[in-house]
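The block underneath contains the structure these notes are about, expressed in structure tokens.
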Amino acid sequence: MTDRKAQTVSGEQMEEQRLYMEQVRHLPDRPRTFHVVTYGCQMNAHDSEYMAGMLKEMGMEEAADREEADFVIFNTCCVRDNAERRALGNVNWLRQVQKKNPRLKIAVCGCMVQQPGMAEKILKQYRFIDLAFGTANLYRMPEMLYRALTEDHAVVEVDQKDVVPEDMPVQRLRQDAAYITIMYGCDNFCSYCVVPYVRGRERSRDMDAILREAEALQKGGVKEIMLLGQNVNSYGKGLEEGATFAKLLHRLDDMGIERIRFMTSHPKDLSDELIEAMGSCKHVLPQFHLPVQSGNDEILKQMNRHYDRAHYLDRLNKLRATVPGIGITTDIIVAFPGETEEQFQDTLSLVEQVEYDSAFTFVYSPRSGTRAAKMDCQIPPEVASERIQRLIALQEAHQRHAMERFLNTREEVLVEGLSRRSETAVSGKGRHGLSVTLEGSGEDVGQIIPVQITEIKNNTLIGQRLTDA
């Protein structure tokens, strides 16, 4: 990045954007409905909540389907090549909808657009797009939309500044659970990852600002918050001395919020202080997402992960000793450039040793601008496919064994919605992060219900409602 100093978006800057919201609201030909299509991680989902909040302030209503909307935003991801192809494919499909609805405005934003030269490339190839902006420009969407509606050309804004936005309008996806971003960007520069280039360098939000947001959510009835950051373990960089993620957890725990989750954590920054906080904070849920990526030390070195297998297992074992029964999940990349069969076997043996509750497994995908994309010995697709199938089969076998520890135990489930498989059942997340299905109705959504785990079906626990609570 060209500018290492993070800039906090001032109240004056946000007030300027609110004036643009008001101006858009009074435009005679403004869109009346919107729909946001989101790709990628929880950070992207939360960004979409901010966009929806701003569009609501501009007088628009959310359409249930993009075909019914006057303004469609594609909030893109570029971590995986497949996400890029899906996004651009859907943008092109929407061109046909635009022919039927000439009022339709289309925007593309997010990580994919933040890549150098990508916004210009997209607008050149998809000339019907009205607006393209990067991750650092999100808070300025009202101004950009106003220009797109009043000027006879597409609007492109892709800044390279590292900003920390505050006080943006937000429309939460749920009333019972909410995201809170505690930090932006990443300083790790893993050799396969584009995040530092499209999300910027690490910058942490002021702790008091986070606590105020959490308190407002708590007063609004939110039962669970998820703290978001590319590497929450390194929270505190650039803040007053002594600000750490563990201290933030203790402060939030003292507020009495019922359930606190977070992701994602980097193994190299998993401190003893944070592990202690996991054990002592009663509202921090016993769940930890700890991406390992590979079980082989040489591959980890080539990935620029800054830890080895022994360090990873040491941190994980200390977590399990401090928080008995903790749910451990991970990310694993298969077929990293140069990975041999023997090195892949090290990953398989790690999965056998750890027995993760679940694992997100990916075939390595070259991303332009990363060091790994230039490495020799890219793995043939047929080899990569065969390896990931073996990994998935092994993980599924060990996952069931890991889930068996919950049989005949009590679990508290925050109900998220009706089950897709039964009209008389609901589903949600237990304290350990696993999905739980139980008998219920729409009245249970948003409630925390105690259950007895009676069965395992595929990747889901089945619970029977307890009546003693």
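None of these values were measured; they are calculated from a predicted model. Along the sequence shown, the residues carry numbers beginning at 1.
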[atom1]/[X] to [atom2]/[Y] distance, rounded to the nearest 0.5 angstrom?
X    : Y    : atom1 : atom2 : result
F133 : C109 : CZ    : SG    : 4.0 Å
T38  : D47  : OG1   : CG    : 9.0 Å
I275 : L319 : CD1   : CG    : 4.5 Å
K219 : M255 : NZ    : CE    : 8.5 Å
D331 : F360 : CG    : CZ    : 7.0 Å
D269 : N188 : CG    : CG    : 6.5 Å

Run the numbers on I260 and L285 for side chain to side chain contact (heavy atoms under 4.5 Å, CB included), then give the verdict. CA-CA 6 Å; I260 302 170; L285 298 185; 5.9 Å; no

Is there a side-chain contact between [X] and [Y], using heavy atoms and a 4.5 Å cut-off?
X    : Y    : result
Q218 : E258 : no
I453 : I462 : no
T437 : V426 : no
F245 : E273 : no
P31  : L149 : yes
N459 : R400 : no
R199 : M43  : yes
L228 : F262 : no

[X] side chain to [Y] backbone, donor-acceptor under 3.5 Å:
X    : Y    : result
R18  : P142 : no
D176 : K223 : no
Y312 : L290 : yes
T322 : K318 : yes
Q17  : E143 : yes
T370 : R367 : yes
H401 : A397 : no
D444 : S441 : yes
T347 : G295 : yes
D357 : M403 : no

Sole candidate of V37, N75, L138, V170 that passes side chain to side chain contact (heavy atoms under 4.5 Å, CB included) when paired with S48: N75

Can you spot which of L414, V445, V222 makes a side chain to side chain contact (heavy atoms under 4.5 Å, CB included) with R174?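 Only one option passes, and that is L414.
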
Output yes when [X] and [Y] qualify as a salt bridge under the 4.0 Å nitrogen-oxygen rule, no when they do not.
X    : Y    : result
R172 : E213 : yes
E386 : R390 : yes
R25  : E57  : no
D70  : R32  : no
R212 : E215 : no

Any side-chain donor paired with an acceptor under 3.5 Å for [X] and [Y]?
X    : Y    : answer
N408 : Q452 : no
E202 : S234 : yes
T264 : H289 : no
H46  : E49  : yes
K268 : N233 : no
S280 : E276 : yes

Looking at every non-hydrogen atom in both residues, tell me the closest pair between [X] and [Y] and how far apart they are.
X    : Y    : answer
L438 : R465 : CD1-NH2, 4.1 Å
K429 : S435 : NZ-OG, 3.7 Å
F406 : T409 : O-OG1, 2.5 Å
F34  : A69  : C-CB, 3.8 Å
C111 : C77  : CB-CA, 4.3 Å
M58  : M141 : CE-CE, 4.1 Å

Taking side-chain hydrogen bond (donor to acceptor under 3.5 Å, both in side chains) as the criterion, tell me which of E412, Q287, E411, R405 meets it with H432. E411

Above 12 or not: heavy atoms from other molecules or residues under 6.0 Å from [atom1] of [X]?
X    : atom1 : answer
Q171 : CD    : yes
R320 : CZ    : yes
E382 : CD    : yes
E455 : CD    : yes
D208 : CG    : yes

Quick one: do R205 and E166 satisfy salt bridge (charged side-chain N to carboxylate O under 4.0 Å, His left out)? Show the steps, please. CA-CA 9 Å; R205 289 181 64 196; E166 295 287 358; 2.8 Å; yes

Side chain to side chain contact (heavy atoms under 4.5 Å, CB included) assessment of T244 paired with L249: CA-CA 9 Å; T244 65; L249 288 181; over 6 Å; no

Please name all residues satisfying side-chain hydrogen bond (donor to acceptor under 3.5 Å, both in side chains) with Y179, sequence neighbours left out, ordered by chain then number.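 Y179 satisfies side-chain hydrogen bond (donor to acceptor under 3.5 Å, both in side chains) with no other residue.
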
Compute the centroid of each ring, for H35 and then for F71, and state whether the two points are separated by less than 6.0 Å. no

Aromatic ring centroids of Y50 and Y139 under 6.0 Å?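 For Y50 and Y139, the ring centres are not under 6.0 Å apart.
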
Please assess E352 against L394 for the test side chain to side chain contact (heavy atoms under 4.5 Å, CB included), listing each intermediate value before the final yes or no. CA-CA 8 Å; E352 287 186 326; L394 179 66; 3.7 Å; yes

I'd like to know whether I257 forms a side chain to side chain contact (heavy atoms under 4.5 Å, CB included) with H283, so could you lay out the CA-CA distance, the side-chain angles of the two residues, the decisive distance to 0.1 Å, and finally the verdict. CA-CA 7 Å; I257 296 170; H283 299 292; 5.6 Å; no

